[in-house]
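Worksheet: one structure, shown below.
Labels below follow one simple rule: chain letters A, B, ... track the order of the sequence lines, proteins then strands, and each chain is numbered from 1.
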Amino acid sequence: MKKVINNPNNVVDELLQGMVLAHPDHIRRLEGFEVLVRKNSPIEGKVALVSGGGSGHEPSHGGFVGTGMLDGAVAGAVFTSPTPDQVYEAVKAVAGPKGVLLIVKNYTGDIMNFEMAKEMAEADDIKVDYVVVNDDVAVENSTWTTGRRGIAGTVLVHKITGAKAETGAELPEVKRVAEKVIANVRSMGLALTPCIVPAAGKPNFTLAENEMEVGMGIHGEPGTHREALKTADEMVDHLVGKILEDLDYTGGEVVVLVNGLASTPLMELYIVNKRVHEILASKGIKVYKSLVGEFMTSLEMAGFSVTLLKLDEELKELFDAPADTPAFKSL
Amino acid sequence: MKKVINNPNNVVDELLQGMVLAHPDHIRRLEGFEVLVRKNSPIEGKVALVSGGGSGHEPSHGGFVGTGMLDGAVAGAVFTSPTPDQVYEAVKAVAGPKGVLLIVKNYTGDIMNFEMAKEMAEADDIKVDYVVVNDDVAVENSTWTTGRRGIAGTVLVHKITGAKAETGAELPEVKRVAEKVIANVRSMGLALTPCIVPAAGKPNFTLAENEMEVGMGIHGEPGTHREALKTADEMVDHLVGKILEDLDYTGGEVVVLVNGLASTPLMELYIVNKRVHEILASKGIKVYKSLVGEFMTSLEMAGFSVTLLKLDEELKELFDAPADTPAFKSL
Amino acid sequence: MANKDKVFDVIMAISDIIEEKKLYLTQLDAAIGDGDHGLNMAKGFGAAREKLESGSFQTPSDILKAVGMALISKVGGAAGPLYGTAFLNASKVVAGKEEIGLADFTAMLESALDGVKSRGKAVRGEKTMVDALEPALDALKAALDEGTAPEEALNRAVKAAEEGVAFTKTIRATKGRASYLGDRSIGHEDPGAMSSYVILKTIAETCSR
Amino acid sequence: MANKDKVFDVIMAISDIIEEKKLYLTQLDAAIGDGDHGLNMAKGFGAAREKLESGSFQTPSDILKAVGMALISKVGGAAGPLYGTAFLNASKVVAGKEEIGLADFTAMLESALDGVKSRGKAVRGEKTMVDALEPALDALKAALDEGTAPEEALNRAVKAAEEGVAFTKTIRATKGRASYLGDRSIGHEDPGAMSSYVILKTIAETCSR
Ligand SMILES: Nc1ncnc2c1ncn2[C@@H]1O[C@H](COP(=O)(O)OP(=O)(O)O)[C@@H](O)[C@H]1O
Ligand SMILES: Nc1ncnc2c1ncn2[C@@H]1O[C@H](COP(=O)(O)OP(=O)(O)O)[C@@H](O)[C@H]1O
Ligand SMILES: [Mg+2]
Ligand SMILES: [Mg+2]
Ligand SMILES: [Mg+2]
Ligand SMILES: [Mg+2]
């Protein structure tokens with residue numbers, strides 16, 4: 001296990017310390033909790049947004065705390081959703097009269113823990129609602145499963161919902177926008193190498209030198225299948241093909257998000273982006289904006305995901321609104 | 001070789017295509033060349049800054065082309081400095097009456113190729129000057145060697161010199177600022193895993209499961225020595241110790257840059273940042289700002305470098321000036 | 001069957017066995033989930049142990065409540081709220097009681113299972129801990145009706161849970177992370193069912209000592 | 001010794017041998033540099049070959065100029081400008097000539113070496129290509145003074161270059177990327193010295209055919 005860490009059981013605490021030291025103008029930590037909030041929380045006159053999940057996906061979610069995006073982020077243990085009392089503390093720290101919207105990725109654990117936190121906060125008369133992000137088309141959307149996972153598309157929910165909350169809109173309005181993003185965002189990824197949860201000390205699975213796992217989750221959960229390594233273009237064709245099968249993007253405009261899982265260099269992400277644009281151009285789908293980089297990582301896994309968000313005028317305007325967070329700035 | 005590429009011999013071209021597609025508001029490519037320039041180059045009334053080097057260090061340097069930083073970036077083959085005619089084209093495309101400053105990392109190849117380009121441009125009566133960045137304290141600054149390598153500190157040269165150029169200052173003034181940054185910036189890194197140049201198809205060197213290479217260059221050049229993997233704190237203590245031995249930072253204020261080489265996740269970079277801050281606090285050195293992320297990568301290598309830039313009032317103000325580039329935005 | 005001290009011992013024994021099985025449970029989870037179930041459980045029962053060792057508790061219910069709270073506030077993931085709810089519910093069933101009998105234990109398991117099912121929106125046959133807990137409860141109820149001795153009744157429950165774990169190997173997951181695998185989840189035991197079986201077995205063994 | 005066609009053949013032969021030694025040169029560079037010297041050289045001489053095959057050239061000087069330009073504009077790194085300058089300088093020495101004799105070749109190598117040394121700010125003993133080229137030049141000059149036949153003179157130059165390569169193995173690099181290694185560079189041959197030796201050997205062999 002080649003990691004730059006001190007103690008596998010202490011990584012989250014040290015991560016949060018390092019983040020606060022790096023970004024003191026944006027964020028502060030709730031003393032005694034694994035929670036980052038905006039420096040001046042609670043911010044008056046707006047619905048507060050709280051997200052979170054297991055750690056190991058940095059910059060998600062703490063890196064997106066700041067103006068125009070989240071008010072609070074809760075960091076669970078690596079790949080483990082945070083506990084209800086941590087989420088509850090975050091909610092209390094950021095809540096104002098307009099209430100709090102929780103942005104939860106669709107995992108059983110996350111949903112249960114965030115729901116319990118919601119119940120705790122409601123007992124304190126805090127207005128709380130939540131949305132569940134489920135953008136990963138690798139998982140079949142059958143009523144017989146837990147449904148789709150939430151992956152990199154979550155960052156676009158943060159961005160756009162954050163912009164809406166910044167306007168001072170009421171909780172149901174903010175929730176409506178979040179749900180519109182969720183309804184229009186789809187993602188799929190693949191992995192070339194596994195990753196190692198520090199406390200586990202060894203990889204969840206192994207892949208042969210010429211193999212990749214298609215439809216991989218961001219926690220090393222197995223994907224839809226394994227196959228031999230292909231060219232970048234073939235990989236992208238498959239992922240984007242699945243996304244386009246799932247939602248009708250015809251004639252629309254999209255935000256493209258090419259997300260690196262960690263070890264895949266930016267060079268390769270741009271090569272991916274090139275192909276995404278080629279495919280979309282060939283289908284007459286217009287690219288409004290592109291994001292290429294690491295937004296929702298998976299420890300040191302190699303691989304990437306592609307996300308397409310279908311836009312309307314409202315989403316475009318909110319996407320373009322300014323944001324100032326450690327990991328996402330838009331002028 | 002687990003890479004998301006199509007053809008090892010075509011990665012730079014596809015990278016540049018992908019970058020332009022992702023950032024059409026910031027950059028354009030010089031038709032037929034491996035050169036990115038600001039969308040509206042040449043920009044009137046300012047000295048133009050051109051940097052570049054081998055590819056494989058993304059977002060360096062193309063990601064830093066934009067307002068407040070570079071005017072042009074030249075992309076050589078992977079880890080190979082660009083040829084004089086490519087640099088010459090970049091210079092011609094961005095040059096105005098105030099001339100051009102080349103920011104060159106201290107490698108024999110880079111210096112020779114940029115010098116030849118300068119000679120070519122001067123033959124066209126373009127005013128050209130250059131500075132050489134040599135921040136890597138891993139290499140002893142003996143008169144018997146080529147001197148120190150230029151590594152991640154180069155990005156701070158881009159940022160601060162870019163801000164100065166934006167004020168409309170003349171070439172000698174802009175060069176003075178660049179040289180002040182270079183005089184005050186020091187870096188050192190280490191690697192946990194090697195990387196693979198696509199066209200070579202296999203790693204330059206191998207490291208045992210418990211080994212790291214200390215003082216590693218950003219092209220897989222061997223460092224000062226190998227040793228057993230240590231804790232993050234011990235790694236940082238060594239690197240920062242070397243930096244502080246080299247330049248007197250006592251009582252000063254610094255910018256901290258914790259740079260990931262690629263496979264080392266952001267989580268670990270923040271753990272590194274925490275320790276850097278602890279060491280500096282214990283020495284009474286004040287941190288003015290911190291940057292944590294991937295700025296000067298090394299294909300898919302795992303590892304990181306730490307950079308400390310000693311500030312004065314002029315450098316602080318220029319560091320804080322706005323910048324709007326694909327990979328560095330500051331409001 | 002069990003007084004406050006016995007319940008304390010049971011929790012300590014569970015904490016020991018979970019620590020021992022940590023890597024095994026994690027491996028099961030690695031095959032069809034995210035490879036942390038053993039780590040999560042060990043963290044939770046480690047916290048429960050600390051809490052019990054550092055506090056003083058009046059009744060079995062107090063102890064179980066402390067365990068439930070520790071699991072909820074220290075584990076996270078799916079296992080934390082599910083097992084936490086299970087222990088909290090069990091605690092409520094015997095509030096105020098000094099001594100737990102077989103009928104009490106059956107009622108506790110019933111309430112615990114209800115908690116898991118409603119929190120997890122799960123039913124039997126979805127390849128979760130429910131597939132160990134529900135057969136165990138059924139066996140206990142049957143044994144209770146037959147007037148079986150506690151030791152024997154608990155053994156039957158453990159046996160039923162064990163069979164439940166084996167059954168999870170044959171089915172497709174439709175709840176939890178493993179459900180993302182679809183048919184690829186078949187052929188692997190469910191880690192949560194396995195930990196439930198291990199816990200029930202430890203309860204039975206400790207109570208029979 | 002060599003007319004235009006012979007010079008053409010020499011470049012083709014160099015291009016072939018460099019392609020053949022691509023991985024070997026790259027491995028040498030991997031040990032003390034960045035592992036691309038073979039790739040760089042193959043790219044440059046591949047480009048030179050293409051240029052020669054697609055154009056028509058009047059004199060040896062024209063051919064050498066085209067090679068120099070190809071190396072400068074296609075290679076990059078250290079090898080591109082160094083070898084590019086070397087070929088450009090050699091080209092200038094025989095501008096207008098139809099036939100290259102041993103004295104010409106000696107003058108060409110001298111000017112090429114001067115170019116490398118001034119472009120690279122290098123002198124002998126720094127573990128670079130200079131350590132192959134300069135002994136070769138010295139041997140050629142001595143042979144010329146002695147009135148040695150061209151074939152024998154070239155062979156002596158090649159021998160001297162080979163010894164120069166061997167010598168680079170024993171010394172510490174103070175120029176180029178390998179200089180960053182300090183004493184760790186000792187024990188490895190310099191890749192650029194090796195490619196210079198290979199090129200000289202190919203020139204000698206092709207001219208003696
Ligand atoms: N909806 C659910 N209802 C009941 N049990 C569930 C549910 N989801 C998951 N589980 C149980 O939780 C176990 C996984 O726990 P754990 O690995 O600790 O959490 P996570 O899945 O969050 O990593 C599964 O093996 C399964 O038995
Ligand atoms: N300053 C210099 N003067 C002369 N030769 C040099 C100098 N620097 C490097 N070289 C030669 O160039 C060779 C390396 O070439 P190459 O690997 O192609 O370039 P790079 O070092 O840019 O990767 C070295 O082995 C050495 O012989
Ligand atoms: Mg988990
Ligand atoms: Mg090179
Ligand atoms: Mg799990
Ligand atoms: Mg080299």
Considering only heavy atoms, which portion of B/Leu21 lies under 4.5 Å from any heavy atom of chain A: side chain, backbone, both, or neither?
both
Listed by number, the residues in residues 321-331 of chain A that come under 4.5 Å of chain B (heavy atom to heavy atom) are A/Ala323, A/Asp324, A/Lys329, A/Leu331
Pairs of heavy atoms under 4.5 Å with chain A: top-ranked of B/Leu207, B/Thr193, B/Asp233:
B/Asp233
Contact class of B/His57 relative to chain A, heavy atoms under 4.5 angstrom:
neither
Residue, of B/Val287, B/Ile5, B/Asn10, that accumulates the most heavy atom pairs under 4.5 Å with chain A:
B/Ile5
Contact leader toward chain A among B/Leu299, B/Leu261, B/Val292, where contacts are heavy-atom pairs under 4.5 Å:
B/Leu299
Between A/Ala281 and chain B, which part of the residue has a heavy atom less than 4.5 Å away: side chain, backbone, both or neither?
neither
Which residues, numbered in order, of residues 13-20 of chain B come under 4.5 angstrom of chain A by heavy-atom distance?
B/Glu14, B/Leu15, B/Gln17, B/Gly18, B/Met19
Hey, is CD on B/Glu234 packed in by over 12 heavy atoms from elsewhere, all under 6.0 Å?
yes
Validation row: B/Met267, A/Val78 side chains within 4.5 angstrom (heavy atoms):
yes
Quick one: of B/Gly56, B/Ser263, B/Pro24, who has the most non-hydrogen atom pairs under 4.5 Å with chain A?
B/Ser263
So which atom in A/Val11 and which in B/Ile271 form the shortest heavy-atom distance, rounded to 0.1 Å?
O-CD1, 3.9 Å
Between chain A and each of B/Asn273, B/Val4, B/Val256, count heavy-atom pairs under 4.5 Å; write down the option with the most.
B/Val4
Taking all non-hydrogen atoms of both residues, which atom of B/Ala232 and which atom of A/Asn6 are closest, and how far apart?
N-OD1, 3.3 Å
Shorter than 4.5 Å, heavy atoms on both sides: which option in A/Ala262, A/Ala22, A/Gly303 has the most such pairs with chain B?
A/Ala22
Is chain A contacted by the side chain of B/Ala75, its backbone, both, or neither, given a heavy-atom distance below 4.5 Å?
neither
Among the options B/Glu300, B/His277, B/Met235, pick out the one with the most heavy-atom pairs lying under 4.5 Å from chain A.
B/His277
Can you tell me how far the CG atom of A/Leu229 sits from the NZ atom of B/Lys3, to the nearest 0.5 Å?
11.5 Å
Residue part contacting chain A, namely of B/Thr297, when any heavy atom lies under 4.5 Å:
neither
Distance in Å, B/Asn210 CG paired with A/Met1 CE, rounded so as to fall on 0.5 Å steps:
12.5 Å
Surrounding NZ of B/Lys283 (heavy atoms of other residues, nucleotides or ligands, distance under 6.0 Å), is the total greater than 12?
no
With only heavy atoms counted, which part of B/Asn7 is less than 4.5 Å from chain A, the side chain, the backbone, both or neither?
neither
